[in-house]
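None of these values were measured; they are calculated from a predicted model.
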Amino acid sequence: MKRIFKLITVCALVLASSTASLFAQQITKFGVVDTDKVYKAYFANSEPVRNYEAKKAQFTKEIDSLTNEIKKLNEQKVKFRKEGKDTEAVKIEQQITKKKEYLTEYTAAKNAELESIKENLRKNNSFYKKLYETLAHVAESGGYSMVLSLQDANAVLWYSPSVDLTEDVISELGIRN
């Protein structure tokens with residue numbers, strides 16, 4: 001009877017230790033990727049992004065020029081008011097109002113145009129197909145069970161830099177950062 005009890009105890013211990021090691025081996029490994037950083041690195045030297053940046057710079061320059069015109073007209077208006085030339089000041093005020101309205105409309109139109117170009121760049125399917133294939137390769141070769149995007153702020157509240165795969169993905173895509 002003691003012998004059977006010892007045998008059952010030994011079997012139970014062996015089973016318990018093998019079960020514990022099996023559970024220890026199945027720990028889920030998570031990783032995170034900053035997809036925005038990968039996107040920027042990937043497209044940094046692409047012609048569409050350079051065109052977007054050039055248009056953005058051009059629009060900014062035009063908006064700054066219009067803003068400076070309004071500023072100069074305001075200075076003229078103040079000068080006319082000080083000199084008692086109210087009629088000229090009123091005319092300048094009308095010009096300022098028209099220029100401000102135009103600037104508002106122009107800025108809205110150009111921002112919408114830039115946003116449309118930016119959205120088209122983001123929706124580049126070939127890039128995302130390559131990104132997800134690369135993510136799968138990096139994750140599988142690194143033994144990761146799940147990779148989260150840092151862009152969804154509600155999903156990742158904290159992460160250790162040791163699980164950040166962003167640089168691995170950039171490297172795997174052949175991007176020089």
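- Scanning all heavy atoms of the two residues, the minimum distance from L131 to V169 falls at CD1-CG1, 3.7 Å.
- Transitive grouping of hydrophobic side chains (ILVMFWY, heavy atoms separated by less than 4.5 Å) keeps L73 and V78 in distinct clusters.
- Contact detail for Y144 and G31: the closest heavy-atom pair is CD2-N, 3.6 Å.
- The only option from E101, K99, Q94, K100 that meets the side-chain contact (heavy atoms from CB on, under 4.5 Å) definition with T97 turns out to be E101.
- Here E113 contributes atom CD and I117 contributes atom CD1; the two are 5.0 Å apart, rounded to the nearest 0.5 Å.
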>> With side-chain contact (heavy atoms from CB on, under 4.5 Å) as the criterion, how do K72 and Q76 come out once you've worked through the C-alpha distance, each side chain's angles and the decisive distance to 0.1 Å?
In response: CA-CA 6 Å; K72 287 178 184 176; Q76 274 186 326; over 6 Å; no

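- From T60, atom OG1 reaches atom NZ of K55 across 13.0 Å, with rounding to the nearest 0.5 Å.
- Between the NZ atom in K77 and the CG atom in D86 there is a gap of 11.5 Å [rounded to 0.5 Å].
- Tested against V33 for a side-chain contact (heavy atoms from CB on, under 4.5 Å), the candidates L165, D168, T134, L148 yield a single pass: L165.
- Taking hydrophobic clusters as Ile, Leu, Val, Met, Phe, Trp and Tyr residues chained together by side-chain heavy-atom distances below 4.5 Å, I96 does not share a cluster with V90.
- T107 places no side-chain N or O within donor-acceptor distance of the main-chain N or O of T104, the cut-off being under 3.5 Å.
- To the nearest 0.5 Å, the span separating CG on L135 from CD on E140 amounts to 11.0 Å.
- A salt bridge between K91 and E88 is absent, with no side-chain N of the basic residue lying under 4.0 Å from a carboxylate O of the acidic one.
- Counting heavy atoms of neighbouring residues, nucleotides and ligands inside a 6.0 Å radius, atom NZ of K110 exceeds 12 of them.
- With rounding to the nearest 0.5 angstrom, the CG atom of L103 is 6.5 Å from the CD1 atom of I63.
- In this structure, the separation between CD on E75 and CZ on F80 is 12.5 Å, given to the nearest 0.5 Å.
- Side chains of K37 and E167 form a contact here, defined as non-hydrogen atoms less than 4.5 Å apart.
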